[in-house]
Student: 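One structure follows; several queries about it will come next.
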Amino acid sequence: MQHKQLEYFLALAETLHFGRASSRCYISAPTLSRNIKQLEEQVGCELFIRDNRQVQLTAAGEAFCNYAKSTILNWHQFKASLNDAQEVQGELSIYCSVSAAYSFLNPLLSSLRARYAQIEMKLHTGDPAYALERVLDHHEDVAIAAKPAKLPQQLAFRRLGWSELVFIAPTITCEVNSLVSSAQIPWQQLPFIVPEQGENRTRLTNWWRARHIQPPIYAQVSGHEALVSMVSLGLGVALIPQVVLENSPFNDKVQIVQVDDAPPPFEIGLVALQRRLSEPVLEAVWQVAAQI
């Protein structure tokens, strides 16, 4: 029984989908199917019930999950014990937004580099709405993200900081500026520029619902940085993390709209798969993050 086969089993157990599991493991679906079949032959029973429509764990498969997780964990801990901390080496793939790279990534990488010079880092930036998904799908080792109200149980979270959520409006003379300058802001009439998805969109939607309003949506965009740019042109208002505003080249072209019941702040942190935290590189970055 090979450790790789246990990794393949756990990927399929988490996704219950041969296509997604094989993509996560960087192998073909037939290769994954063959390895699962070999594993079942070694165990002596079926671990999955599969047909043309769905994949499900059997009772034996559920029990085997605990064995597989424990075995992989013990293996990584054993390998880590053979090396001194300063000798930890390997690749670390990180995903975050451009704003997070400015605000939260710099101190993390500085500390990590000082203590573990042999770790090679690969940075990918993009829409923060995809951060959790990219870790869950094994596209990245870790990501910097806002903690959602319900963190998927497969993920671990380590806080790096906080960011207030603020409403912004344009400073130029325009209809939007006139509306937010009113004694009573007519939120129902204000055009909003919103993220396509993600925790920011969820918080905004909940805020609208609490106020019983359904304002017009002028545009949906990918990424928080684009929200500031579009607001600065007078196209609408937006809800953004304050850290995005602080790092935006357009921060002098927008204003913060004061509200008494703004959505709660973001808890920003590092996310990784729980079962991978025993791997030497991930264990190293997790320890460094705890000390920032």
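These values consider heavy atoms only, across backbone and side chains, with no hydrogens, waters or symmetry-generated copies.
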Student: With side chains defined as the heavy atoms from C-beta onward, is the minimum distance between V271 and L132 less than 4.5 Å?
Tutor: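 Contact flag for V271/L132 side chains = yes.
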Student: Quick one: are I268 and R159 in side-chain contact, heavy atoms under 4.5 Å?
Tutor: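 No, too far: nothing below the 4.5 Å cut-off.
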Student: For Q291 and R115, test the side chains for any donor-to-acceptor distance below 3.5 angstrom and give the result as yes or no.
Tutor: yes
Student: Are L165 and P241 side-chain neighbours, meaning at least one heavy-atom pair lies under 4.5 Å?
Tutor: yes
Student: Does a side-chain heavy-atom distance below 4.5 Å link N106 with S110?
Tutor: yes
Student: Are V228 and V254 close enough that some pair of their side-chain heavy atoms sits under 4.5 Å apart?
Tutor: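 Counting from C-beta outward, V228 and V254 do come under 4.5 Å.
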Student: What's the separation between atom CG in L190 and atom CD in E175, rounded to the nearest 0.5 Å?
Tutor: 9.0 Å
Student: Do any N or O atoms from the side chain of T171 and from the backbone of K253 form a donor-acceptor pair under 3.5 angstrom?
Tutor: yes
Student: Using modelled atom types only, decide if a donor and an acceptor are shared between the side chain of E164 and the backbone of V243 within a distance under 3.5 Å.
Tutor: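 Flag not set: sc E164 to bb V243 has no pair under 3.5 Å.
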Student: Using only atom types and a distance under 3.5 Å, with no angle test, would you say the side chain of T15 pairs donor to acceptor with the backbone of H17?
Tutor: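 Judged by distance alone, yes, a pair lies under 3.5 Å.
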Student: Would you say the side chains of S229 and S232 form a donor-acceptor pair under 3.5 Å?
Tutor: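 Side chains of S229 and S232: no pair found under 3.5 Å.
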Student: Quick check against the 3.5 Å criterion: does R203 have a side-chain atom that pairs as donor or acceptor with the backbone of P265?
Tutor: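 The answer is yes, because a donor-acceptor pair under 3.5 Å joins these two groups.
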Student: Let me know which of R276, R20, K69, R275 forms a salt bridge (Lys or Arg N to Asp or Glu O under 4.0 Å) with E14.
Tutor: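 The option that passes is R275.
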Student: Would you check if I36 and L47 make a side-chain contact, meaning some heavy-atom pair closer than 4.5 Å?
Tutor: no
Student: Within the 3.5 Å criterion, strictly below it, is a donor on N206 or R209 matched to an acceptor on the partner's side chain?
Tutor: yes
Student: For S99 and N247, does a side-chain donor sit closer than 3.5 Å to a side-chain acceptor?
Tutor: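 Side chains of S99 and N247: no pair found under 3.5 Å.
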Student: Is the ring pair F192/W208 parallel, tilted or perpendicular, if the boundaries are 30 and 60 degrees?
Tutor: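 The rings of F192 and W208 stand perpendicular, inter-plane angle above 60°.
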Student: Does D137 reach the main-chain N or O of H139 with its side chain, forming a donor-acceptor pair under 3.5 Å?
Tutor: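 The answer is no, because no donor-acceptor pair under 3.5 Å joins these two groups.
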Student: First locate atom CG of L155, then atom CD of Q274, and finally report the distance between them rounded to the nearest 0.5 Å.
Tutor: 7.5 Å
Student: Can a donor-acceptor pair be found, under 3.5 Å and without considering hydrogens, that links the side chain of S181 to the backbone of N177?
Tutor: yes
Student: Counting distance only, does the side-chain N/O of D141 pair as donor-acceptor with the main-chain N or O of S93 below 3.5 Å?
Tutor: yes
Student: Does one side chain, of Q56 or R50, offer a donor that lies under 3.5 Å from an acceptor on the other?
Tutor: no
Student: Are the ring centres of Y130 and Y95 closer than 6.0 Å?
Tutor: no
Student: Compute the centroid of each ring, for F104 and then for W162, and state whether the two points are separated by less than 6.0 Å.
Tutor: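 No, ring centres 6.0 Å or more apart.
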Student: In terms of ring plane angle, is the pair F64 and F9 parallel, tilted or perpendicular, where the classes change at 30° and 60°?
Tutor: perpendicular
Student: Is there a donor in the side chain of Q38 and an acceptor in the side chain of Q5, or the other way round, less than 3.5 Å apart?
Tutor: yes
Student: When you compare the side chain of I213 with that of W207, does any pair of heavy atoms fall below 4.5 Å?
Tutor: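 Heavy-atom side-chain distance check passes, below 4.5 Å.
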